[in-house]
Amino acid sequence: MTFKAAAIQMCSGVDTERNSADMERLVREAARQGATYIQTPEMTGALQRDRKAMRAQLRDEATDVVVSTARRLAQELNIYLHVGSTAIAIDDPQQEGGRIANRAVLFAPGGKLVSTYDKIHMFDVDLDNGESWRESSAYQAGAEARVATLPIGKLGFAICYDVRFPQLFRTQALAGAEILTVPAAFTRQTGEAHWEVLLRARAIENGAFVIAAAQGGVHEDGRETYGHSMIVDPWGKVLAVAGGAGEEILVADIDLSAVHAARAKIPNLKNAREFTLQTVTEAVGGVAA
């Protein structure tokens, strides 16, 4: 099975309607270039630090403009369209303290909903440059990993910070996933340090393609994201990479025979063994206890 995949880099602002229109324009261009699977970044709908303003735009999945636009485009363009994520109200969006999901949505050609995925690992960190993020204060963490079996291959879901938890990707690979996805809005600081090496590591460890559409640039709410959307093959080779800021469309051929070839050469998924852990503490005098 061979197909063309696209990773769309965006610089989403605070207006969901405008971001949805930008997504539509870029998806149409990616489809024109022959892509039949198209992925958008994390928080395609809006990057908005102002929680009150964010809640004012929130909708549930049935009425969200990004979701409805993606469904229409998948049907019209006959593509798999994977919205990397957008903020979705789980409860009444105007309810104070109502739950919000950082949710990925995948539509099949014809517009049928294949799967959703709620980001599991919340980005709660304090960085050296003074940046502090508490994603868990706004979003409810997901609790279920997902692998979708499609005619184009088996696809595993992740979002951004999930990439730092290799057990998620190993679980998906052991379930047969051949394509791992990491739509993201990485900060510039963490992206410069770790983005490429993490994506290549997840590809190599699991003998799988990794497709990672990213946010890139300085956003209306003041944050800066790293960009460098990327498509990586199962041997860890970078097939396509975007620049650090602004809109861009990456297109690459995905040949699933490369997955089977990589896993045949390095069969670590088959060779893994169960083991126990013993902790040893050095006692006074150098004798182990």
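All values reported here derive from a predicted model rather than from experimental measurement.
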Q: Could you check Val182, Ile211, Ile231 and say which one makes a side chain to side chain contact (heavy atoms under 4.5 Å, CB included) with Leu199?
A: Val182
Q. Trp235 and side chain to side chain contact (heavy atoms under 4.5 Å, CB included): which partner among Val259, Ile266, Ile204?
A.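 Filter result, single survivor: Ile266.
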Between the main-chain N or O of [Y] and the side-chain N or O of [X], is there a donor-acceptor pair closer than 3.5 Å?
X: Glu224; Y: Val218; value: no
X: Thr116; Y: Ala104; value: no
X: Asp233; Y: Phe209; value: no
X: Asp162; Y: His121; value: yes
X: Glu135; Y: Phe123; value: yes
X: Thr2; Y: Asp255; value: no
X: Thr63; Y: Arg59; value: no
X: Asn19; Y: Gly45; value: yes
X: Gln9; Y: Ser229; value: yes
X: Arg103; Y: Ile88; value: no

Is there a side-chain contact between [X] and [Y], using heavy atoms and a 4.5 Å cut-off?
X: Trp195; Y: Met230; value: yes
X: Lys119; Y: Ser85; value: no
X: Thr225; Y: Thr187; value: no
X: Gln57; Y: Glu17; value: no
X: Val105; Y: Thr86; value: no
X: Pro109; Y: Gln75; value: no
X: Asn206; Y: Leu269; value: yes
X: Val83; Y: Leu106; value: no

Q: If the plane angle is over 60° it's perpendicular, under 30° parallel, otherwise tilted; pick one for Phe157 and Tyr117.
A: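 Aromatic pair Phe157/Tyr117 classed parallel.
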Indicate whether any N or O donor in one side chain lies under 3.5 Å from an N or O acceptor in the other, for [X] and [Y].
X: Gln39; Y: Thr181; result: no
X: Asn102; Y: Glu42; result: yes
X: Thr40; Y: His82; result: no
X: Ser115; Y: Arg146; result: yes
X: Glu24; Y: Thr69; result: no

I need the minimum non-hydrogen distance between [X] and [Y], along with the two atoms involved.
X: Glu220; Y: Gly13; result: OE1-CA, 3.1 Å
X: Ala31; Y: Ile79; result: CB-CG2, 4.4 Å
X: Gly176; Y: Arg263; result: O-NH1, 4.5 Å
X: Arg202; Y: Arg164; result: NH1-CA, 4.5 Å
X: Ile8; Y: Ala213; result: O-CB, 3.4 Å
X: Pro183; Y: Ala158; result: CD-O, 3.2 Å

Same cluster for [X] and [Y] if Ile/Leu/Val/Met/Phe/Trp/Tyr side chains link at under 4.5 Å?
X: Val210; Y: Val163; result: yes
X: Met23; Y: Leu250; result: no
X: Val114; Y: Val147; result: no
X: Leu174; Y: Phe169; result: no
X: Phe107; Y: Tyr37; result: no

How long is the straight-line distance from [atom2] of [Y] back to [atom1] of [X], given to the nearest 0.5 Å?
X: Tyr80; Y: Leu150; atom1: OH; atom2: CG; value: 5.0 Å
X: Leu256; Y: Phe3; atom1: CG; atom2: CZ; value: 6.0 Å
X: Met122; Y: Ile159; atom1: CE; atom2: CD1; value: 8.0 Å
X: Lys237; Y: Arg200; atom1: NZ; atom2: CZ; value: 11.0 Å
X: Gln140; Y: Arg99; atom1: CD; atom2: CZ; value: 5.0 Å
X: Asp221; Y: Ser12; atom1: CG; atom2: OG; value: 10.5 Å

Q) Does atom CD of Glu192 have more than 12 heavy-atom neighbours from other groups under 6.0 Å away? A)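 It does: Glu192 CD has more than 12 such atoms within range.
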Q: Start with the C-alpha gap between Glu61 and Arg71, add the side-chain angles, then the distance that decides, and say whether salt bridge (charged side-chain N to carboxylate O under 4.0 Å, His left out) holds.
A: CA-CA 11 Å; Glu61 188 179 307; Arg71 180 186 292 108; 5.6 Å; no
Q. Which is it for Lys52 and Asp50 under the salt bridge (charged side-chain N to carboxylate O under 4.0 Å, His left out) test, yes or no, and what are the steps along the way?
A. CA-CA 6 Å; Lys52 185 176 181 180; Asp50 185 323; over 6 Å; no
Q) Are Arg25 and Glu29 close enough for a salt bridge, meaning some N to O gap below 4.0 Å? A) no
Q. Hey, is Glu76 close enough to Arg28 for a salt bridge, meaning N to O under 4.0 Å?
A.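 Salt bridge: yes.
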Q.
side-chain contact (heavy atoms from CB on, under 4.5 Å), that's the test. Do Val232 and Leu239 meet it? Break it down for me.
A. CA-CA 5 Å; Val232 185; Leu239 300 179; over 6 Å; no
(Q) Would you say the rings of Phe186 and His228 are close, in the sense that their centroids are separated by under 6.0 Å? (A)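 No, ring centres 6.0 Å or more apart.
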(Q) Less than 6.0 angstrom separating the ring centers of Phe165 and Tyr161, yes or no? (A)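 Yes - the distance between ring centres of Phe165 and Tyr161 falls below the 6.0 Å cut-off.
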Q. Given the rule in the side-chain contact (heavy atoms from CB on, under 4.5 Å) test, do Cys11 and His219 qualify, once you have shown the distances and angles that lead to the verdict?
A. CA-CA 6 Å; Cys11 188; His219 300 261; 3.7 Å; yes
